[in-house]
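Below is one structure, written out as structure tokens; the observations come after it.
Quick note on labels: first sequence line is chain A, next is B, and so on, each numbered from 1.
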Amino acid sequence: MTTPVNPAQVNRAGLGRADYRGQPSTLCQGCGHNSIANQVVNVAYELGIVPENIMKFSGIGCSSKSPAYFLNRSFGFNGLHGRMASLATGALFADTSVHALGVSGDGDTASIGMGGFKHLIRRNAPMTYIVENNGVYGLTKGQFSATAEVGLNLKHQGTNQYMPVDICMEALAASATFVARSFAGDPKQLKELLKAALSHNGIAVLDVISPCVTFNNQENAFHSYSWSKDHSAPLHEISFIPKLAEIRLEEEFEEGTVKEVTMHDGSVILIKKLEKEYDPTSRANAFQMIEEATANNWLVTGLIYINSEKPTLTDLYHLPETALNRLGESDLRPARTTLERINALMF
Amino acid sequence: MTTPVNPAQVNRAGLGRADYRGQPSTLCQGCGHNSIANQVVNVAYELGIVPENIMKFSGIGCSSKSPAYFLNRSFGFNGLHGRMASLATGALFADTSVHALGVSGDGDTASIGMGGFKHLIRRNAPMTYIVENNGVYGLTKGQFSATAEVGLNLKHQGTNQYMPVDICMEALAASATFVARSFAGDPKQLKELLKAALSHNGIAVLDVISPCVTFNNQENAFHSYSWSKDHSAPLHEISFIPKLAEIRLEEEFEEGTVKEVTMHDGSVILIKKLEKEYDPTSRANAFQMIEEATANNWLVTGLIYINSEKPTLTDLYHLPETALNRLGESDLRPARTTLERINALMF
Amino acid sequence: MADQVVNDFSVTIATVNGSGSQTANVTLLRALFKMGIPVSGKNLFPSNIQGLPTWYTIRLSKNGHLARRDEHEIVVALNPASFGRDLAAVLPGGAFFYADDIQQSVERTDIAVYPMPVKALARAADVSANLRDYIANMVYVGVLAQMLGIDLGAIQQALDFHFKGKEAPVKSNLGVVQAARDWAAENLKKSDPYMCEPMNATDGYIMSDGNTAAALGAIYGGVQFAAWYPITPASSLAESLNVYLPQLRKTANDKQTYAVLQAEDELSAIGMAVGAGWAGLRAMTSTSGPGVSLMTEYAGLAYQAEVPIVVWDVQRTGPSTGLPTRTAQGDLTQVYFLGHGDSQQVMLLPASVQECFEFGWRAFDLAERLQAPVFVMSDLDLGMNQWMTRPFEYPGQPMDRGKVLWEKDLEELNGVWARYKDLDGDGIPYRTVAGNRHPAAAYFTRGTGHDEHAQYSEDPATWEANLARMKKKYGTARTLVPKPVIDTLQGAEIGILSFGSNDPAVEEARILLNQAGGPQSDYLRLRALPCTQEVSEFIKSHARVYIVENNRDGQLRQILSAAIPDQAPRLRSACHADGLPLTAEWVRDAILAQEED
Amino acid sequence: MADQVVNDFSVTIATVNGSGSQTANVTLLRALFKMGIPVSGKNLFPSNIQGLPTWYTIRLSKNGHLARRDEHEIVVALNPASFGRDLAAVLPGGAFFYADDIQQSVERTDIAVYPMPVKALARAADVSANLRDYIANMVYVGVLAQMLGIDLGAIQQALDFHFKGKEAPVKSNLGVVQAARDWAAENLKKSDPYMCEPMNATDGYIMSDGNTAAALGAIYGGVQFAAWYPITPASSLAESLNVYLPQLRKTANDKQTYAVLQAEDELSAIGMAVGAGWAGLRAMTSTSGPGVSLMTEYAGLAYQAEVPIVVWDVQRTGPSTGLPTRTAQGDLTQVYFLGHGDSQQVMLLPASVQECFEFGWRAFDLAERLQAPVFVMSDLDLGMNQWMTRPFEYPGQPMDRGKVLWEKDLEELNGVWARYKDLDGDGIPYRTVAGNRHPAAAYFTRGTGHDEHAQYSEDPATWEANLARMKKKYGTARTLVPKPVIDTLQGAEIGILSFGSNDPAVEEARILLNQAGGPQSDYLRLRALPCTQEVSEFIKSHARVYIVENNRDGQLRQILSAAIPDQAPRLRSACHADGLPLTAEWVRDAILAQEED
Ligand SMILES: Cc1ncc(C[n+]2csc(CCOP(=O)(O)OP(=O)(O)O)c2C)c(N)n1
Ligand SMILES: Cc1ncc(C[n+]2csc(CCOP(=O)(O)OP(=O)(O)O)c2C)c(N)n1
Ligand code: SF4
Ligand code: SF4
Ligand SMILES: [Mg+2]
Ligand SMILES: [Mg+2]
């Protein structure tokens, strides 16, 4: 039902903010994923997107629950772990006037979902693909995901020794037409990039660093306070989740600068905002920049690459004006006479 | 059984060339995969590798049959389509003195096997990973694989419209420690790179362009000779496979030069051999070079990247000197007394 | 020389894979069909592209028996590698044709032996050098035409068909056929009893393979989205969609009312179909055993989230990669129980090429009506071989799009509806699909627990009630799936229950049983699972029912024992799987052996 | 006030997920256990990390009944969100404890009501501010200790255990417990009949969860390679390997005789295990339903290529993602038939934590002996809950590494051997493993057709013979798997057949049945599939056998009907799945209802 609104508080689609709401979040307090969900609500409201013109997809994970927390009036499908890409691909053909918005996790995308992710990209499927990236498996209680940096320590998991997957690098290598990175605690930038992603016609990969309050911690951090430091206490018994505030950047984070951000566990990450002059239309630039950042241990945020020229997956098919899912029997079942012709053809 | 040999014709392992033989090939005459198999035999013989010190892996496809055609005296496992990576990963732990040599296809690796491929690489699993890359699914009769270039036409498949997967780019993005590309018809270079790959301690990805005589053809090519040009003749009825010679480069292909190579179907690919001065130890270089090549539509061959410093997957585990698969009950079953201790621990 | 045997024998042609003999083989098959003789052709090919031995068997049966036979009265040997076996395979009194360039001795005296100058006649043909090997196959067509009495006009018709009426290739091929025929007329003396004569037993039949038929059926069923991944023996189903959709399903202004997508693997192929089915498209995928295994998790999601999709499983011999180019019915138990947790899958079991067409469209009606995956279990024999079949019948009923609410429906309901509520007592709820712009249309789909309003729920009673409703829906499926075809005979002592491509072997075996002094039999051909009322009644009315199937483990027997436990003691397995279609003789013997027990 | 009820009631504690109440709950459970009272604890938690309601039920049973009960005599309410439900759940005559800061009215007069000053007592505790919420849970421990008579010494032992004897946390937690106890002593007046008293019924028992036991069992079984992918409720199995392997399985010079690898998904996890198993390692993976679905194709390869691996399926409620934190036995039919083509999988069905340990090692012996995958079917209830159990027993037999040939064996055989030949008549061939340096050791493994020498083959007879040998091997499995445990009673009218974590409910239900005037029952607890001779004998000797299981579709009933069709009419389903472990009352009623029919 359209909520009755005060005309003063409606957007250009005539809808109030409440029309963009989702269910109450069941994620941890302070989880980065919550702010991303909030930004989706804000952006959709501000852009005046009609929620019925969006469909939401996700896999399985804390991150993949997010779509339940925004845009109640949009269709949503919380599918299988790691399989959002194919689910969305099929749905894209039903009504190309509905925009697809997907939310996945780093485990969902970079571990189990790597194959589908890469192929979705190389087909330039028209959808916004957000990775809520926290370097761990939140929902299964804190194992390494494939984006965990080398040397990260997690209780009962030991130390990660494998090279991390860089979501943006993977997207670029797979010929993505829009690649950006942001930080859940930088609402201003996130909002801008979300708007850009939603406006892109083609695959828009948005890697959002979204700290897990609860599990992405190291030995020296909260969970390891003296009592339970001993490795032999099974992880699944650590059932107390402290209520921590979300990590937020202060507003004045300038383009081109590097900022140290302290995580819940006391570790520090280096976030670098792309320079104003950075030209995101060159793939060569993009590769070079990511390589440099990796070498410096920076997480570069901003719009890394964009190419608006390429036809999208559904552009490649010559679909009718009417949405495919509104075609009826007369459109879909060839006439009786044609079958006679076919039978005649069958020797 | 060791074949009795003429001492004049043995290598430094005391073995004759026959000890490196495989079963007779059942691939098409002129298939690039056959020359790769032959080069494996040559290289193993020349390096004096004891065949029992190799184990062979593959997925499913014409390419994945190759391991049957070399090194009969090596253990081999022709596994599932797209799943060679995990199979090899597990086997690597059994006896680290046995080197793993895997052969996969472009469909096997870049389509269905993408996820496993990427994760094998980021773990730096110590194995040689050859992709016999022909841009099509040979064994299932000529559909597009994920490495097919945009615009490629195949009978009944139409025109490929998706961005191709670049095996070397993917390997690099996933932090491979050895990345090279060669051409099945350039035995000299292939042999050199194979030797290098087999000597590398870590993951060695070798992308070998290996033309499919039979299916990688376009409308204007053999299969489309006037009779069957009509699109409506089902592909699986095209049962006549012409006997064509393999495509071979002449010997004098120089480093740093670009060569046009005409495929069986008349199409032309541009192969560029890396310059002598190219420094394969810089990842940044490698990215830049591949980007440039992509822009120029070159297939660059040579050693693209190498890093011999990183510990391998099995290095990260502190395994005993004795092969794990030779440990017996006394090594593997903790003493009875320890269980008493454990029981006492269980509240 | 024995009495003539007319239109009742088998011809096997042994060639090398990739040598182009398929054109010659289907030309022979089609020519015989055009002569009005009931024929079936079985292609026994290796999992290889070029070089390994391959065989093609044509059975002529004036009585219309189209099952595979183990015996070959006539063998045509063109492959040196299998020459010895091929020679040994000729039935005593039969005939052996061989390429005279094969340097092997032919020492049987109990058969007629005919050398053929294949190379010489091919060299003389008016084609370019690179086509000579290909056209050489027409030599045996010509020789057989002469020696068996195959009509040249019929051969020309077959070639016309094969080459789509293009004059040049028809002419050069026919030239070789004629030259070979003339050569045989001059040089060979008939010393075997096998002959062809025109009949009119193929009137009202067409010839097609099951995969083409399935694709066409799907097209007439309004398929809108198909995702697939190549695999033998299913690839030609999707490839046939690519062939026929552009011809049949473009709008007046040349837009396509469908999309076909080659996915990167089967996990994604079914995922795409689920996405499309969820969003309101008639969606399908087609695969074989290994693909079905990979589709398991998604099949469970489709079951649980109640998404209509159609999955064709063109079965091949397993387990595992098995024999990729051989037939079997080995995926029944797997599919029946596909998905962890309590899943129950709906399965259709086509037995003929015509039924592949019918189930091609009917599967969509069922899937959308039931909001559930529907699996169509074909096999390599049905899917890839050419069969004479009744013409495809135009769907006899309008499309059933199931319970879908659009904007106007929701307006009428004032936007009040619940996605998973059983309003009609059939266990089937109503659904909306993405793109419906009514503000109350959207709901959130998930594979996790949910209440009637599609809200997340872990409540035990809610979970159990929802699952119970879905079980009820499965009960409804029982009333909607195609009923079995039952043939009863007076005084029948036993029942035979079978399905799918076994049908011709079973039909023939019933006659053979009688001829062997065995029991008279009733026959139930199962066309779907879950099974309808008729099935348990059939079983109940027989002391013994033989379940005939092409697998090792008697999979249907196991399913029926589980589904109808009260009748389980009456069921007897007649099962066997070696990669080949069942023969009537094997069915007869398998039953007789147990009758004697 | 009614008569005292001692050691025979249930306490349910309602809290918020992530609030740290688990420590308090298991402390209570362990304290009761230390008092010698038979107890069981069931953790009902949401699929969420923080904020949703969660319940923990402790059953005290002086008679040793450890099954879940639906009734709660005592409820402790700390969660405002579930307060109403929690209050309603108290049995008449029971007791309701609640945090006094919850602003909701308590209007029942048929129960005892006890407010607890949780916040106030926590504030008074001597801990840092960030631990205050956590330690607040100790308030109800203290209040219950006072009001139910739980021994403080036992609580201290439980805390000592939990905090591994670390003084600081034990002290601060115990401080809160004592303060709360003192407060209760002063402020609350007992008005309910429920009390605890020391017994000695837990002597000779330990307490553990099934996943820890399984990991330990695997370690004593010599596990050498484990690959896994996180999934509830299986993760803690692999995580326990990570905990205990370094303690138990390092060599004198600190090398590890094992490798554990977290894979990128379940397809790879099982693939790695297959690679390792093939190469001669004792290899395993552990997962739950969704993972098993993804492992389907590889399970088929392992079956077909005859590779030993062990797969633990810690079942949760499906289909699909289902209820990830709830229990079920819903993967039986899927696993039994896992893999396309004719696959037959070997399954073990542990019923207790001790048996998880036993099957932990035994599964490797079976897998290596049979050269086949072995599935161990645990479930969330068994795997993640704490159970009192008999101590783990050291393996009673030497490791069985199966038929592996090493260099010296091959020398004795002069290098003459054949990988897939049945030399011993048991269907089990000999194998070599990579790393064997004998020049005749190597063979080429494949999932495609092969002859006895592991050479590729498409020959029909070769294929069928090999598959027949594998079926024989499955017959051999029948003689090797653990036999059922059978308890017969004189004059029993019915049989009950069950398995796994249903055991306590079934044992209790047999008594309840009698008490209700129902029939006397014999009980067969199945421990493996394929089933041994004893199973059909048991069924045969009863007119009716109830198959009790925690799933919707009566999956074991279906399997047994398929496996023993002659006895199928005797089988009756007593099945039900709502995410919770079965109760004895439900089992009784389900049987009684059918007895009355
Ligand atoms: C096939 C399958 N395997 C495993 C799981 C268990 N599982 C649920 S969420 C998850 C990881 C989620 O991690 P991520 O995508 O990073 O999301 P986060 O919770 O960190 O936001 C896993 C392994 C599952 N649901 N399905
Ligand atoms: C799960 C599964 N899906 C599909 C197939 C069918 N299949 C066999 S080989 C192959 C493609 C092989 O292509 P590629 O790896 O490029 O090898 P090539 O034959 O071109 O050398 C496919 C799809 C299979 N065996 N298993
Ligand atoms: S566990 Fe981590 S990722 Fe999951 S909701 Fe909590 S903070 Fe977020
Ligand atoms: S089909 Fe192509 S890839 Fe396969 S063997 Fe023949 S030439 Fe090689
Ligand atoms: Mg994550
Ligand atoms: Mg290929």
Give the member of [options] that has the highest number of heavy-atom pairs under 4.5 Å with chain C.
{"options": "D:L301, D:D566, D:L323", "value": "D:L323"}
{"options": "D:V335, D:L294, D:V292", "value": "D:L294"}
{"options": "D:P324, D:A568, D:G318, D:G322", "value": "D:G322"}
{"options": "D:D342, D:T321, D:T296", "value": "D:D342"}
{"options": "D:G300, D:G291, D:P565, D:G330", "value": "D:P565"}
{"options": "D:A305, D:G289, D:A465", "value": "D:G289"}

What part of [X] gets closer than 4.5 Å to chain D, counting heavy atoms only: side chain, backbone, both or neither?
{"X": "C:L267", "value": "side chain"}
{"X": "C:L571", "value": "neither"}
{"X": "C:Y474", "value": "neither"}
{"X": "C:M470", "value": "both"}
{"X": "C:R557", "value": "side chain"}
{"X": "C:H450", "value": "neither"}

Name the member of [options] that forms the most heavy-atom pairs with chain D at distances under 4.5 Å.
{"options": "C:A562, C:P290, C:P319, C:A302", "result": "C:P319"}
{"options": "C:W463, C:Y303, C:Y456, C:Y336", "result": "C:W463"}
{"options": "C:Q304, C:E464, C:R326", "result": "C:E464"}
{"options": "C:G339, C:S343, C:G579, C:G449", "result": "C:G339"}
{"options": "C:E297, C:Q558, C:R570, C:H340", "result": "C:H340"}
{"options": "C:R316, C:K471, C:H576, C:Q329", "result": "C:K471"}

Gap between atom [atom2] of [Y] and atom [atom1] of [X] - 0.5 Å precision:
{"X": "C:F337", "Y": "D:Q555", "atom1": "CZ", "atom2": "CD", "value": "7.5 Å"}
{"X": "C:R446", "Y": "D:S320", "atom1": "CZ", "atom2": "OG", "value": "12.0 Å"}
{"X": "D:Q334", "Y": "C:T333", "atom1": "CD", "atom2": "OG1", "value": "11.5 Å"}
{"X": "C:Q344", "Y": "D:R552", "atom1": "CD", "atom2": "CZ", "value": "4.5 Å"}
{"X": "D:D578", "Y": "C:D459", "atom1": "CG", "atom2": "CG", "value": "9.0 Å"}
{"X": "C:T54", "Y": "D:E458", "atom1": "OG1", "atom2": "CD", "value": "9.5 Å"}

Contact origin within D:Y298 toward chain C - heavy atom pairs under 4.5 Å: neither

Atom group of D:S47 that falls short of 4.5 Å from chain C, counting heavy atoms: both

